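This is a predicted model, so every value here is computed, not measured. All values below were derived from every heavy atom in this structure, side-chain atoms included, with hydrogens, water molecules and symmetry-related copies excluded.
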Amino acid sequence: LKEENAILRSKINKLQILSETQADKMRKLEKKLEENKIKEEKEAQDLEAMVQHVEQNLQLMTKRAAKAENSAAKLRQENAQLQAELRSSRLEKEELRAGQAGLAAARQNAEAALQHLLQVTASSRASIRQLLSGAESLQLVADLLKSIDRISEVSEDGH
């Protein structure tokens, strides 16, 4: 009976040691799980902050694009007006040439209108380039948002 008792005590000691080892493993795993949860929460917050930043940039770029479109429309309208003025000046120039009266003044007016038209045309082209650049930036932001959505979907699925 003593021998059987000793064997059982030995088994109990081994089981206690095994239990303590497993309890230590369990505590380590729980600690690691908690660290992973904290890490995932921080990554989710960082991702959310990045999404908000991208959304703010998208709104800003949308405003800029709208402003550029308005500016381009105004410049196109001004360009059309100046072209009409140029045509009018050219007609006036032709009339003056036919009448030989005030030719120098008409040339000067036509040249001034032409120079103004060239300046407005150059300005219009620059604004149109800015508009195209803004549109490309918006496309880049849209692609980035699509990528973020895919990353979010993958994170939620656990892959």
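The number of heavy atoms from other shown groups lying within 6.0 Å of CD (Glu4) does not exceed 12.
Residue Ile12 belongs to no hydrophobic cluster, having no ILVMFWY side-chain heavy atom closer than 4.5 Å to its own. Cluster partners of Leu1: none. The rule joins Ile, Leu, Val, Met, Phe, Trp and Tyr whenever side-chain heavy atoms lie under 4.5 Å apart, and it links nothing here.
Atoms NZ and CZ, from Lys2 and Arg9 in turn, are 10.5 Å apart once rounded to the nearest 0.5 Å. Between Met50 atom CE and Leu145 atom CG the span is 9.0 Å, to the nearest 0.5 Å. Atom-to-atom distance recorded for Lys39:NZ and Glu41:CD is 13.5 Å, nearest 0.5 angstrom. Atom-to-atom distance recorded for Glu136:CD and Leu131:CG is 10.0 Å, nearest 0.5 angstrom.
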Could you tabulate the donor-acceptor pairs under 3.5 Å formed by side-chain atoms of residues 15-32, not counting sequence neighbours?
from: Thr21; atom 1: OG1; to: Ile17; atom 2: O; distance (Å): 2.8
from: Asp24; atom 1: OD1; to: Arg27; atom 2: NH2; distance (Å): 2.2

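Scored by the side chain to side chain contact (heavy atoms under 4.5 Å, CB included) test, Thr62 finds Leu58, Leu138 as partners (sequence neighbours excluded). Under the rule for a side chain to side chain donor-acceptor pair (under 3.5 Å), the partners of Asn57 that lie at least two apart in sequence or sit in another chain are His53. Applying the side chain to side chain contact (heavy atoms under 4.5 Å, CB included) test to Arg125 and every residue at least two apart in sequence or in another chain returns Thr121, Arg129. The side chain to side chain donor-acceptor pair (under 3.5 Å) check on Asp46 picks up Lys42, with sequence neighbours excluded. Taking the side chain to side chain contact (heavy atoms under 4.5 Å, CB included) definition, one finds that Leu118 meets it with Leu114, Gln115, sequence neighbours left out. Taking the side chain to side chain contact (heavy atoms under 4.5 Å, CB included) definition, one finds that Glu48 meets it with Gln52, sequence neighbours left out. Residues satisfying the side chain to side chain donor-acceptor pair (under 3.5 Å) test with Asp143, not counting sequence neighbours, are Gln139. Evaluation of the side chain to side chain donor-acceptor pair (under 3.5 Å) rule for Gln56 yields no partner, not counting sequence neighbours.
Without hydrogens or angle criteria, Ser137 side chain to Ser133 main chain gives a donor-acceptor distance under 3.5 Å. At distances below 3.5 Å, not a single donor-acceptor pair connects side-chain atoms of Ser88 with backbone N or O atoms of Ala84.
Taking 4.5 Å as the limit, every side-chain heavy atom of Arg90 sits out of range of all side-chain heavy atoms of Arg87.
Annotation for Ile128 and Ala72: closest pair CG1-CB, 4.4 Å, computed over non-hydrogen atoms. The minimum heavy-atom distance between Ser123 and Leu75, with the atom names listed, is O-CD1, 3.8 Å. Residue Ser89 comes nearest to Ala113 through the heavy atom pair OG-CB, 4.1 Å, listed as atom of the first residue, atom of the second, then distance.
Placement of Val51 and Met61 within a single hydrophobic cluster is found when ILVMFWY residues are connected by side-chain heavy-atom separations under 4.5 Å, directly or transitively. By the rule that hydrophobic residues join a cluster once side-chain heavy atoms approach within less than 4.5 Å of another member, Leu47 and Leu144 end up as members of one cluster.
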Does the pair Gln119 and His116 meet the rule for a side-chain contact (heavy atoms from CB on, under 4.5 Å), with working shown?
CA-CA 5 Å; Gln119 289 173 350; His116 188 64; 4.1 Å; yes

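Listed by first and then second residue, the side chain to side chain donor-acceptor pair (under 3.5 Å) pairs that reach into residues 65-80 come to none, sequence neighbours excluded.
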